[in-house]
Novice: 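Okay, here's the structure, questions in a sec.
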Number of protein chains: 2
Amino acid sequence: MRADYATRPRGAIERLLESDRRYLSATQIHTRLDVEQARVSLATVYRTLERLHTKGTVSARVDERGETTYMLCEPEHHHHHAICRICGRVEDVPCRALDEFASALQQRYGFELDGHAMEFSGVCNTCR
Amino acid sequence: MRADYATRPRGAIERLLESDRRYLSATQIHTRLDVEQARVSLATVYRTLERLHTKGTVSARVDERGETTYMLCEPEHHHHHAICRICGRVEDVPCRALDEFASALQQRYGFELDGHAMEFSGVCNTCR
DNA sequence: TGGGGTTTTGCGAATGTTTCGCAAATCCTG
DNA sequence: CAGGATTTGCGAAACATTCGCAAAACCCCA
Ligand SMILES: [Mn+2]
Ligand SMILES: [Mn+2]
Ligand SMILES: [Zn+2]
Ligand SMILES: [Zn+2]
């Protein structure tokens with residue numbers, strides 16, 4: 001219960017993730033593998049993504065429609081994501097103050113900020 | 001195609017939302033209404049929540065499990081949420097720089113910050 | 001106040017995503 | 001290469017959410 005076999009399906013999925021660094025749903029991945037002859041069952045796609053996510057090399061995010069999407073992302077340094085509303089490309093963004101963000105995004109990455117969502121978690125007064 | 005009837009199901013749902021200001025799923029709401037004798041069909045729960053969300057009096061968020069949850073929240077002023085990992089209670093937080101947040105949360109609300117997620121959206125260099 | 005047109009509800013069925021069980025296929029190691 | 005451990009594929013659940021449609025509820029005003 002420790003092993004980690006290097007199988008064809010896993011290889012195909014990881015290769016695809018490496019080649020397209022934006023958030024993709026399990027179905028999207030499944031379909032694209034199908035197209036490029038590397039047929040992998042949907043269940044295996046899910047299992048592999050979950051495995052990579054647990055291992056920490058894949059970031060998961062549920063999109064506005066409630067579908068879970070996955071993208072390669074090594075969390076070496078804590079950072080956030082700027083996602084292009086149009087093409088889905090993702091910029092990694094360091095974790096600094098908001099103003100810095102806005103201008104860094106604009107000047108350093110050419111990313112025109114037009115929205116953001118933040119959520120904090122922790123323990124409230126009562127629960128402490 | 002404009003009307004907005006004041007019906008028993010809608011009343012029940014809105015009353016419940018007013019009485020418990022934390023993020024609840026459609027199923028949770030449905031079950032709790034059931035318990036307190038105010039039986040409302042699940043489809044109606046969804047329809048009402050969507051209606052309130054569109055009207056702008058309810059904030060929707062998909063939780064880590066991919067389930068959509070809803071909470072009363074007038075977005076008069078743009079703000080963010082600090083959600084207690086334990087009890088689910090929500091603090092409204094103004095939108096300022098991150099350091100301010102941390103200490104404001106701690107000192108002003110007694111909220112012990114231990115995690116955050118941010119996501120930016122906009123248009124990337126290439127797409128502009 | 002009641003009738004009738006408009007809107008909403010409830011129900012069950014349809015969708016779409018994600019998970020599961022299990023036998024068959026694949027991998028590794030020695 | 002054989003044997004045991006692991007992974008795959010498949011189809012069947014399990015859920016969440018949406019839809020169509022006939023019946024019920026609501027509003028308005030004659
Ligand atoms: Mn990243
Ligand atoms: Mn709020
Ligand atoms: Zn783009
Ligand atoms: Zn709490």
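Residue numbering restarts at 1 for every chain, and letters A, B, ... go by the order of the sequence lines. Worth knowing before you read on, the calculation uses all heavy atoms, side chains too, and leaves out hydrogens, waters and symmetry mates.
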Novice: Would you say the base of C/dT17 and the side-chain of A/Y46 have a donor-acceptor pair closer than 3.5 Å?
Specialist: no
Novice: Round to a whole Å and report the spacing from CD of A/Q28 to C1' of C/dT18.
Specialist: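 In whole Å, C/dT18 C1' lies 16 Å from A/Q28 CD.
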Novice: I'd like to know if the side chain of A/T69 and the backbone of A/R61 have a donor-acceptor N/O pair within less than 3.5 Å.
Specialist: yes
Novice: Output the rounded distance in Å from OH (B/Y5) to P (C/dT6).
Specialist: 9 Å
Novice: Record whether the side chain of A/R47 comes under 3.5 Å of the base of D/dG9 through a donor-acceptor pair of N or O atoms.
Specialist: yes
Novice: In terms of the nearest nucleotide of DNA chain D, which residue is placed more toward the 5' end: A/R10 or B/L42?
Specialist: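 This one resolves to A/R10.
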Novice: Could you verify whether a donor N or O on one side chain and an acceptor N or O on the other, from B/Y46 and B/H30, lie under 3.5 Å apart?
Specialist: no
Novice: Taking only N and O in the side chain of A/T27, is any of them less than 4.0 Å away from OP1 or OP2 of C/dG16?
Specialist: no
Novice: Separation of A/E64 atom CD from C/dT17 atom C1', in whole Å?
Specialist: 16 Å
Novice: Send over the distance from A/D34 CG to D/dT8 P, rounded to a whole Å.
Specialist: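 Taking atom P of D/dT8 as the reference, CG of A/D34 is at 16 Å.
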Novice: From CZ of B/R8 over to C1' of C/dT7, roughly how many Å is that when rounded to an integer?
Specialist: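 The answer, rounded to whole Å, is 16 Å.
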Novice: Is B/S41 near enough to C/dC11 that one of its side-chain N or O atoms lies under 4.0 angstrom from OP1 or OP2?
Specialist: no
Novice: As a test of reading the structure: which of D/dT17, D/dT8, C/dT18 is closest to the side chain of A/A26, going by heavy atoms?
Specialist: C/dT18
Novice: Output the rounded distance in Å from CZ (A/R65) to C1' (D/dA16).
Specialist: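 A/R65 atom CZ is separated from D/dA16 atom C1' by 15 Å.
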Novice: Does A/T44 reach the main-chain N or O of A/V40 with its side chain, forming a donor-acceptor pair under 3.5 Å?
Specialist: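 No, the answer is negative, given that no donor and acceptor are paired below the 3.5 Å cut-off.
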Novice: Kindly compute the distance separating CZ (B/R8) from CD1 (B/I13), expressed to the nearest 0.5 Å.
Specialist: 9.0 Å
Novice: If I take atom CE from residue B/M71 and atom CD1 from residue B/I83, how far apart are they, to the nearest 0.5 angstrom?
Specialist: 7.0 Å
Novice: I want to check one thing: is the phosphate of C/dT17, taken as OP1 and OP2, less than 4.0 Å away from some side-chain N or O of A/S25?
Specialist: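 No, outside the criterion.
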Novice: Return no unless some side-chain N or O of B/T7 is found under 4.0 Å from OP1 or OP2 of C/dT9.
Specialist: yes
Novice: Roughly, in whole Å, what's the span from CD in A/E67 to C1' in D/dC15?
Specialist: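 Whole-Å distance recorded here is 15 Å.
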Novice: Expressed as a whole number of angstroms, how long is the span from A/L49:CG to C/dT17:P?
Specialist: 14 Å
